[in-house]
2 protein chains.
Amino acid sequence: MKARRDVFQAIADPTRRAIIGLLAQQTLTLNTVAENFSMSQPAISKHMRILTECGLVIIVKQGRERHCTASFKALEEVAQWAEQYRRFWTDRLDTLEQLLNEEE
Amino acid sequence: MKARRDVFQAIADPTRRAIIGLLAQQTLTLNTVAENFSMSQPAISKHMRILTECGLVIIVKQGRERHCTASFKALEEVAQWAEQYRRFWTDRLDTLEQLLNEEE
DNA sequence: TATTTGCTAAACCAAACGGTTATACATACT
DNA sequence: AGTATGTATAACCGTTTGGTTTAGCAAATA
């Protein structure tokens, strides 16, 4: 049964975003990932669990090692959510601009 | 002095994303926003504070009312972060696809 | 002036978060 | 067989989160 974590919540943590950045370059074992951070292996294990629960990382067991691969499909939801508002922030007649101009 | 909240953390909460969705359509007073949710007005006040601290909402005092306007510029960071990985998830030879195919 | 309205602030609370250390365990090495 | 390695799990802990209720206050209304 999948916990079906929210991807928005998963990427809220800077360490997890950094893990995704690392894994974007190459698949790494859990320990190798952990070496890139100044925190314990169990801490990284926990982050990795959250990332897998929302589908951002896939773990393949290979012997005693865990090969972690980033899976970016889940980021589509995030990109789309943010992008739907793009017209607002690229529009020069944006309400924000108006407000700022009034106050300056 | 701005608290400079992390926008990723701000949008992690579904209620806050819903507030942004509401304000994308029109500027609303704090109370009007609160009426759209099944929680107390102080709770919405707190969410609104977080949203303003990271620049996602701008509040203009008008008499005793607070007019809340969404400001989407801060979402650019989110969109760009997610989009940098787009090539990975649109690529059919994506590593995820490979992994899934191997397992099925 | 008294009352209502819109909102903030304070105090509180349970649950979740993000980390730790210690332990356990399966796999690989000698 | 014994040891070392890679990882998971459990127990624990302080802080943060997301909500509540109550009280307070300034602005609008009667």
Side-chain angles (χ1 to χ4, degrees), chain A residues 1-23 26-70 78 99, chain B residues 1-23 26-70 78 99:
Chain A
M1 188 77 60
K2 284 189 184 177
R4 220 56 206 105
R5 280 260 185 177
D6 183 356
V7 67
F8 284 93
Q9 194 245 319
I11 64 168
D13 185 87
T15 301
R16 286 194 290 267
R17 289 200 301 280
I19 290 175
I20 291 172
L22 258 181
L23 296 182
Q26 55 187 319
T27 291
L28 295 173
T29 65
L30 203 143
N31 257 354
T32 315
V33 170
E35 284 165 10
N36 286 271
F37 297 90
S38 54
M39 65 181 76
S40 66
Q41 169 267 314
I44 297 296
S45 247
K46 281 187 176 185
H47 282 305
M48 211 60 90
R49 192 189 217 289
I50 290 169
L51 289 169
T52 57
E53 278 176 356
C54 73
L56 278 169
V57 167
I58 290 186
I59 296 185
V60 174
K61 300 184 194 182
Q62 200 161 316
R64 64 190 166 186
E65 295 176 343
R66 297 295 181 273
H67 292 257
C68 308
T69 306
V78 176
L99 286 169
Chain B
M1 192 72 61
K2 287 187 181 173
R4 224 58 205 99
R5 279 260 187 180
D6 184 357
V7 67
F8 286 93
Q9 193 245 319
I11 65 169
D13 186 88
T15 302
R16 286 195 288 268
R17 289 200 300 280
I19 290 175
I20 291 171
L22 260 182
L23 296 182
Q26 56 187 322
T27 291
L28 294 173
T29 66
L30 203 144
N31 255 353
T32 315
V33 171
E35 283 165 10
N36 286 272
F37 298 90
S38 55
M39 64 181 76
S40 67
Q41 172 267 315
I44 298 297
S45 245
K46 282 187 175 187
H47 282 305
M48 211 59 89
R49 192 191 219 290
I50 290 169
L51 289 170
T52 57
E53 278 177 356
C54 73
L56 278 168
V57 167
I58 290 186
I59 297 186
V60 175
K61 300 184 191 182
Q62 199 161 317
R64 62 187 170 192
E65 294 178 340
R66 298 292 182 274
H67 291 258
C68 309
T69 306
V78 176
L99 288 169

Original post:
So does A:Arg17 pair up with B:Asp6, basic N to acidic O under 4.0 Å?
Top reply: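 Looking at B:Asp6 together with A:Arg17, the answer is yes, because their closest N to O distance falls below 4.0 Å.
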Heavy-atom closest contact ([X] atom, [Y] atom, distance):
X       : Y       : value
B:Cys68 : B:Thr29 : SG-C, 4.4 Å
A:Leu28 : A:Leu22 : CD1-CD2, 4.3 Å
B:Val78 : B:Phe8  : CA-CZ, 4.0 Å
A:Ala70 : A:Leu23 : CB-CB, 3.7 Å

**OP:** For A:Gln41, answer base if it contacts any base atom (sugar-phosphate contacts may also be present), sugar-phosphate if it contacts only those atoms, and nothing otherwise; contact means non-hydrogen atoms under 4.0 Å.
**Re:** base
Rounded to whole Å, how long is the line connecting atom [atom1] of [X] with atom [atom2] of [N]?
X       : N      : atom1 : atom2 : answer
B:Glu65 : C:dT8  : CD    : C1'   : 15 Å
B:Glu53 : D:dG18 : CD    : P     : 13 Å
A:Leu51 : D:dA8  : CG    : C1'   : 16 Å
A:Ile59 : D:dT7  : CD1   : C1'   : 10 Å
B:Ile11 : D:dT17 : CD1   : C1'   : 17 Å
A:Arg49 : D:dA8  : CZ    : C1'   : 9 Å

**OP:** List the steps, then state whether side-chain contact (heavy atoms from CB on, under 4.5 Å) holds for B:His47 with B:Met39.
**Re:** CA-CA 11 Å; B:His47 282 305; B:Met39 64 181 76; 4.2 Å; yes
Between [X] and [N], is there a side-chain N or O to OP1/OP2 distance below 4.0 Å?
X       : N     : answer
A:Arg66 : D:dA8 : yes
B:Ser45 : C:dC7 : no
A:Asn31 : D:dT5 : no

Subject >> Distance-only donor-acceptor test, A:Arg64 side-chain atoms vs D:dT7 base atoms, 3.5 Å >> reply: no
Original post:
Could you write nucleotides 14-19 of chain C as a row of B, S and -, 5' to 3', where a protein heavy atom under 4.0 Å of any base atom gives B, of only sugar-phosphate atoms gives S, and otherwise -?
Top reply: ---SSB
Original post:
For the side chain of A:Leu30, counting heavy atoms from C-beta on, which of D:dT7, D:dG6, C:dG6 is nearest?
Top reply: D:dT7
Original post:
Can you tell which of B:Ile50, B:Ile44, B:Val57, B:Leu56 makes a side chain to side chain contact (heavy atoms under 4.5 Å, CB included) with B:Arg16?
Top reply: B:Ile50
